[in-house]
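Hydrogens, waters and symmetry mates play no part in the numbers below; they use all other heavy atoms, side chains included. Predicted, not measured: the structure shown is a model, and the values here were computed from it.
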Amino acid sequence: MSKDDVADALDEIGVLLELQGENAFRCNAYFNGARTVRSLSADLKQLVADKTLGQVRGLGAALAEKITTLVTTGDLPYLAELRGQVPAGLIEMRQLQGIGSKKVKALHDALGVDTLDKLKAACEAGEVAKLKGFGAKTQANILEALRFREEAGKRVRIDQATGLVAALVERVRALPGVVRAEACGSVRRRRETCGDLDILASSADAQPVIDAFAAFPEVVRVLGQGPTKASVLATSRVDGEKVTLQADLRVVTDDLFPFGLHYFTGSKAHNIRMRQRALDRGWQLSEYGLGTADAPIACKTEADIFAALDLEYVAPELREDTGEIEAAEAKALPRLLEPGDIRGVFHNHTTYSDGSASLEEMALAAKALGWEYFGVGDHSQSLAVARGMPPSVVRKQWAEIDAVNAKLSGVRILKGIESDILQDGSLDYDDEMLAGFDYVVGSVHTHFTLTEAEQTERVCRALAHPALTMLGHATGRLLLRREGYKIDLEEVLKTAARFGKMVEINANPYRLDLDWVHVKRAKALGVLLVINPDAHSPDQLALTRFGVDVARRGWLEAKDVFNTRSLAEVQAELARRKRA
DNA sequence: GCCGTTTTCGGCCCGACTGTTTTCAGTCG
């Protein structure tokens, strides 16, 4: 049972308790516990085995016991019991915009409503409006929430969110009287998916900014609008795909901008720690300032806020309360990887398999990005659906690479391959052919339904192969579309460390796999990481930036990432590995 | 349910906005 499975179970307990009217702090303890487990960088099974779960902040005796039961038996009788007490439909009702556990419980208690269909019928019959605490407006809002359930409220990928929020921020900046405007929230923290957009602006006069925002062409519905804040549903086409998200704008005076920026960037868990730290000093921290009412502490930037609390500046990507406060206090934060540190990439496709551009076009696009090398990693022979290359085509590609390299200057094409990891864990092609490549990326593209033990053994066997250089997209997930295959990543990372193999951060925004939590773990285990765009066209090389985001969220520095090295260093290292 | 080293009880971040109320509860972030 993975961390996410355990966290999901804890979240569900929290929701079920809420729906029973349980004390909110007790419910929050489960939500906090879920978040803590989700972002644990240590191995959960190990913590269970060592009986040290209870030492993790946020996990007490009760949660430690339940997590232990979940991890060791794969089941939790307490959760099953709660499920039996609460109709499943109530959880769906709770997910509606504007409806929380209290209202769901009231609807259930008073009207016996326990499905979305019954809720709709009750609203249409006018029964909901008659309830104490409800009214005509609430009833109409519930109907609206039911109608928009399919359209909004869904998370989108970071590339989609970035596109939409950039358009909105640009419009806000152009409004009269706006001094500064920034995207905050999960977009600024560079999470792999986003559920909404947070925008902060500063202006001496908020109302006109709010009113203009609510009338932007991207806005399809205004969810709420006050003097300093507006919530809207905004939509746009990003790369041809329709993206609809809730977008919140807050407008503050410019002297409050740093506090607002910090507050609305979150995460919630990070903010709670920061507020607590302020309280420990007899101060208060909120979006309106730091200090006391009598003695506010002026801050011009976010860095000033951290400094006032005796902390190093914490980059937004690290603000998850996963140790960044402690590290900032000890002045031991990593010097995070920067996009400009990247000097080339290794896993990309050309027309030799399922890419859309030639070797030369791809290499020139890499050069245009300022890179020194472009590693090709077309598909191997077994993957017929992606036009995997039989050995004869590989030799043809090698000849063309030599020819293009002789012609081009300022960029070097490296002869790589994305070799399928076959069902038994062996690599595609025989050893002689594999030895002809500069490096080998090993990836799983088939047999996703093996058991976790089988999949783990398969990948670990590939990692043990002397020819393998790096492991591609470790779980095969497609964000918001497909779960990754079941695999014990802890075992995979330990095996990679044992054999000195690199692990890829696949920068395609559909994948972002290895995820940031495991990136942090990989670094702790001494695994060298490599960021690859898995580009199938020249413009996709720029997707590498999303991989840099993941690396930063995983606390990586330039030295932790192979493709920050120069061409000469890369060639020397690859040659050394082939001799070993 | 978790936490704490002035602790084992009494707190738990806190403000904006909405819709229901006529002072506040619920929801959200």
Handout entry: Distance test, side-chain N/O of Lys137(A) to OP1/OP2 of dG19(B), below 4.0 Å
Key = yes

Handout entry: Phe25(A) side-chain proximity, nearest of dC12(B), dC2(B), dG29(B)
Key = dC12(B)

Exercise for the section: Whole angstrom is fine here: how far is it from CZ in Arg94(A) over to P in dT27(B)? Expected result: 9 Å

Exercise for the section: With the side chain of Ile272(A) defined as its heavy atoms from C-beta on, choose the nearest nucleotide among dC17(B), dC13(B), dG1(B). Expected result: dC13(B)

Handout entry: Residue Arg57(A), side-chain heavy atoms: nucleotide from dC13(B), dC3(B), dG1(B) that is nearest
Key = dC3(B)

Practice task
Considering only atom C1', compute the distance from dG29(B) to dT22(B) and round it to an integer number of Å.
Solution key: 28 Å

Exercise for the section: Carefully, step by step, assess Glu326(A) and Arg273(A) under the rule salt bridge (Lys or Arg N to Asp or Glu O under 4.0 Å). Expected result: CA-CA 10 Å; Glu326(A) 290 78 359; Arg273(A) 289 294 304 282; 3.1 Å; yes

Practice task
Measure from the side chain of Tyr30(A), starting at C-beta and using heavy atoms only, and say which of dG1(B), dC14(B), dC17(B) lies closest.
Solution key: dG1(B)

Handout entry: Glu92(A) atom CD: more than 12 heavy-atom contacts under 6.0 Å
Key = yes

Practice task
State whether Lys103(A) places a side-chain N or O below 4.0 Å from either non-bridging phosphate oxygen (OP1 or OP2) of dG26(B).
Solution key: no

Handout entry: Whole-Å distance separating the CG atom of Asp280(A) from the C1' atom of dG11(B)
Key = 14 Å

Handout entry: Protein-nucleotide distance (Leu256(A), atom CG; dG15(B), atom P), rounded to Å
Key = 13 Å

Exercise for the section: Could you check how far CG of Asp198(A) sits from P of dC17(B), rounded to whole Å? Expected result: 14 Å

Problem - Euclidean distance, Leu249(A) CG relative to Ser231(A) OG, rounded to 0.5 Å - result: 9.0 Å

Exercise for the section: Taking atom C1' in both dT23(B) and dT18(B), compute the distance separating them and give it to the nearest angstrom. Expected result: 15 Å

Completion exercise
Rounding to 0.5 Å, atoms OG (Ser2(A)) and CG (Asp488(A)) come to a distance of 10.0 Å

Exercise for the section: Report which part of the nucleic acid Leu59(A) touches: base, sugar-phosphate, or nothing (heavy-atom distance under 4.0 Å, all strands). Expected result: sugar-phosphate

Practice task
Please figure out whether Leu131(A) or Arg250(A) has its closest DNA chain B nucleotide nearer the 5' end.
Solution key: Arg250(A)

Problem - Residue-phosphate contact under 4.0 Å: Thr228(A) side-chain N/O, dC17(B) OP1/OP2 - result: yes

Exercise for the section: Verify the contact: side-chain N or O of Asn141(A) to OP1 or OP2 of dG19(B), cut-off strictly under 4.0 Å; return yes or no. Expected result: yes

Problem - Within 6.0 Å of NZ in Lys51(A), more than 12 heavy atoms from elsewhere - result: no

Practice task
Could you list by number each residue of residues 104-125 of chain A showing a heavy-atom separation from DNA chain B of less than 4.0 Å, or answer none if no residue does?
Solution key: none

Exercise for the section: Under a 3.5 Å limit for both distances, which nucleotide forms a Watson-Crick or G-U wobble pair with dC17(B), could you say? Expected result: dG26(B)

Problem - Phosphate-side-chain proximity, Thr138(A) and dT18(B), N/O vs OP1/OP2 below 4.0 Å - result: no

Practice task
Find out whether the Lys NZ or Arg CZ of Arg157(A) is both under 6.0 angstrom from the six-membered ring centre of Tyr510(A) and within 45° of the ring's axis.
Solution key: yes

Exercise for the section: Mark yes or no for a side-chain to base donor-acceptor pair under 3.5 Å between Tyr288(A) and dG15(B), with no hydrogen or angle criteria applied. Expected result: no

Exercise for the section: Rounded off to whole Å, could you give me the CG-to-P distance for the Asp196(A) and dA16(B) pair? Expected result: 18 Å

Problem - Between P of dT27(B) and NZ of Lys229(A), the distance in whole Å - result: 15 Å

Problem - Residue whose closest nucleotide on DNA chain B lies nearer the 5' end, Ile99(A) versus Ala64(A) - result: Ala64(A)

Practice task
Answer yes or no: are there more than 12 heavy-atom neighbours, outside Glu170(A) itself, under 6.0 Å from its atom CD?
Solution key: no

Exercise for the section: Report yes if at least one side-chain N or O of Arg275(A) is closer than 4.0 Å to OP1 or OP2 of dC13(B); otherwise report no. Expected result: no

Problem - Rounded distance (Å) that lies between atom C1' of dC28(B) and atom CG of Asn28(A) - result: 13 Å

Practice task
Indicate whether OP1 or OP2 belonging to dC13(B) is found under 4.0 Å from a side-chain N or O atom of Gln284(A).
Solution key: no

Practice task
Using atom CZ of Phe259(A) as one end and atom P of dG15(B) as the other, report the distance to the nearest whole Å.
Solution key: 14 Å

Exercise for the section: Select base, sugar-phosphate, or nothing to describe what Ala61(A) touches, counting heavy atoms under 4.0 Å on all strands. Expected result: sugar-phosphate

Practice task
Look at the side-chain N and O atoms of Gln246(A) and state whether any lies under 4.0 Å from the OP1 or OP2 oxygen of dG29(B).
Solution key: yes

Handout entry: Pairwise distance CG(Leu489(A)) to CG(Asp513(A)) - rounded to 0.5 angstrom
Key = 8.0 Å

Handout entry: Over all atoms of both residues, closest heavy-atom pair of Arg26(A) and Glu22(A)
Key = NH1-OE1, 2.7 Å

